[in-house]
Asks: 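Below you will find the structure I want to go over with you.
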2 protein chains.
Amino acid sequence: MYSMWMAELAARAGCSVPTVKYYLREGLLHPGEATGATRARYDETHLQRLRLIRALTEVGGLRLETVHQVLDDIAHASSWHEAVGSAHTRLPGPFDDEAPPSAESAARVEAMLERQEWQLAPGHPQARRIARALDVLDGLGHPVSDRLLDLYAAALRPLAAYEVHAVHDVGPDGEPDVEPSVEAAVVGTLLQEPILLAIRRIAQENVSRRLAED
Amino acid sequence: MYSMWMAELAARAGCSVPTVKYYLREGLLHPGEATGATRARYDETHLQRLRLIRALTEVGGLRLETVHQVLDDIAHASSWHEAVGSAHTRLPGPFDDEAPPSAESAARVEAMLERQEWQLAPGHPQARRIARALDVLDGLGHPVSDRLLDLYAAALRPLAAYEVHAVHDVGPDGEPDVEPSVEAAVVGTLLQEPILLAIRRIAQENVSRRLAED
DNA sequence: TGACATTGGATAGTTCGACTGTCTAATATT
DNA sequence: AATATTAGACAGTCGAACTATCCAATGTCA
């Protein structure tokens, strides 16, 4: 396998040598193969890992500590579903403080989940986030209707089915080799979010322009 | 109109007095009405503004400088559509550096927009973001298919229509008073994003669990 | 073979954004 | 009048993510 010194690794990953050293120190990147007291060689696994770290931080907006945890989740994945779940709970979002949502909002989210026949452990972080978001929007005088929640759910349902099947099919054929597809799932969840949001904004602008042009 | 000293304002907005002073210094919050050399009174407009600032930073993840620009956009909005557009370009996302996307990805985004019959100024930031995201995902070995882009667009199209009409209807009946509905649009775009993303994750987890339970 | 740039590792310093603390003179409140 | 607050100025803090400096040991080329 092709191997290189740190300088080349850093250049190919698009970051500086001190930054690579920093990631090594923090345990985000596995050490290279030492070829002497002051030398080590790095290979494509290091390059791949560096690219993943930078994508998760720059695109996904994750903190390095979170990247660490997510990488551990991916590495220790025993089953696909479980790994995706734990990675999801790790992925940050707003409202990661401990403040509980109002009972009203929590109930509205519960009701939405039931209408969709979606099951979720009670107190699930995603449900809490939605409820807290509803609270904040209410407080700003821009409440969100149940109808909109249902529209979101209805729109995302087929999308999610397609996305999950896509990574699943490429993934474990028998059972082994869970890791690549778990990485695909985490990457897919997190790094496709900007695409989804950008398309939403484009769609809104187009609707808005058509309304303005009458 | 009800007015209060800074201490009460801070308490009601859920932040500290020094923080309010900081926002005043930075020009994010308009000064209170001075009642003497060392006193000033604040009213509900200050409270509303503080809540908006905190929602945009904490939920939307905006930096204070960006909040400043977005608030200016809202304040100087001459038309609804234009304001939404400029606010959208200000809202941050990944890839806000100047690096251009690959020609291939740019072309794929163009093609998707044409398939949707969406118009967009060339070099539009949202389109650039999508193209750059495609590049990054390609580089990680997790390419995004055109089919998925189309599915995203198809799923978000009716959502966007509903969302825009919702704020538009509440908005300018004749023509005046654009500002409240522009705020609604910006808030709606940005602060509803966490809800959308959380619902997507929940949907994915449910699909994933069903696959695991067979 | 020997000069010299480079490397890995350790440690300390920098930058940025967002606050937070302290100080002072002036003003409410009791 | 005594005491507690306040506005405003300004300096200090904090965490995250680097970045710079040293050093001794190597690799490389003349």
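Naming: A, B, ... by sequence-line order, numbering from 1 per chain.
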Asks: 5'-most contact on DNA chain C: B/Thr38 or B/Leu64, nearest heavy atom basis?
Replies: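 By nearest-heavy-atom nucleotide position, the 5'-most residue is B/Leu64.
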
Asks: B/Leu9 has an atom CG; how far is it from atom P of D/dG8, in whole Å?
Replies: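 Between P of D/dG8 and CG of B/Leu9: 13 Å.
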
Asks: Starting at atom CG of B/Leu24, determine the distance to atom C1' of D/dG8, rounded to an integer number of angstrom.
Replies: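 It is 10 Å, rounded to the nearest whole Å.
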
Asks: So, does B/Tyr22 get its side chain near the phosphate of D/dG8, meaning an N or O under 4.0 Å from OP1 or OP2?
Replies: no

Asks: If only side-chain N and O atoms of A/Tyr23 are considered, is one of them under 4.0 Å from the OP1 or OP2 phosphate oxygen of D/dA17?
Replies: no

Asks: Could you check whether B/Ala34 gets within reach of a base, just the sugar-phosphate, or nothing at all, counting any heavy atom under 4.0 Å?
Replies: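 The residue B/Ala34 makes no contact with any strand.
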
Asks: In whole Å, I'd like the distance from the NE2 atom of A/His46 to the P atom of C/dG8.
Replies: 11 Å

Asks: Do B/Val59 and A/Leu137 touch side chain to side chain, with heavy atoms closer than 4.5 Å?
Replies: no

Asks: Let me know the distance between CD of B/Glu33 and C1' of D/dA7, rounded to the nearest Å.
Replies: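 Distance check: B/Glu33 CD to D/dA7 C1' gives 15 Å.
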
Asks: Classify B/Arg63 by what it touches in the nucleic acid, base, sugar-phosphate, or nothing, heavy-atom distance under 4.0 Å.
Replies: sugar-phosphate

Asks: Which is true for A/Ser16 with a 4.0 Å heavy-atom rule: it touches a base, it touches only sugar-phosphate, or it touches nothing?
Replies: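 Touches sugar-phosphate only.
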
Asks: Taking atom P of C/dT7 as reference, at what distance in whole Å does atom CE of A/Met4 sit?
Replies: 13 Å

Asks: Verify the distance criterion only: is there a donor paired with an acceptor across the side chains of B/His142 and A/Gln192 at less than 3.5 Å?
Replies: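 There is no such pair between these side chains.
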
Asks: How many whole angstroms separate atom CZ of B/Arg39 from atom C1' of D/dA7?
Replies: 8 Å

Asks: Given that B/Thr35 and B/Glu65 both sit by DNA chain C, which one's nearest nucleotide is further toward the 5' end?
Replies: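 Result: B/Glu65.
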
Asks: Report yes if the side chains of A/Val187 and A/Val167 come closer than 4.5 Å at any heavy-atom pair, otherwise no.
Replies: no

Asks: To the nearest Å, how far apart are B/Arg41 CZ and D/dA7 C1'?
Replies: 14 Å

Asks: Would you check if there is a donor-acceptor pair between the side chains of A/Glu33 and A/Ser3 at a distance under 3.5 Å?
Replies: no

Asks: Strictly by modelled atom types, are B/Tyr42 and B/Arg49 linked by a side-chain donor-acceptor pair under 3.5 Å?
Replies: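 There is no such pair between these side chains.
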
Asks: As a test of reading the structure: which of D/dA20, D/dC18, C/dG21 is closest to the side chain of B/Pro18, going by heavy atoms?
Replies: C/dG21

Asks: Once you round it to whole Å, what is the distance between P of C/dG17 and CG of B/Leu62?
Replies: 14 Å

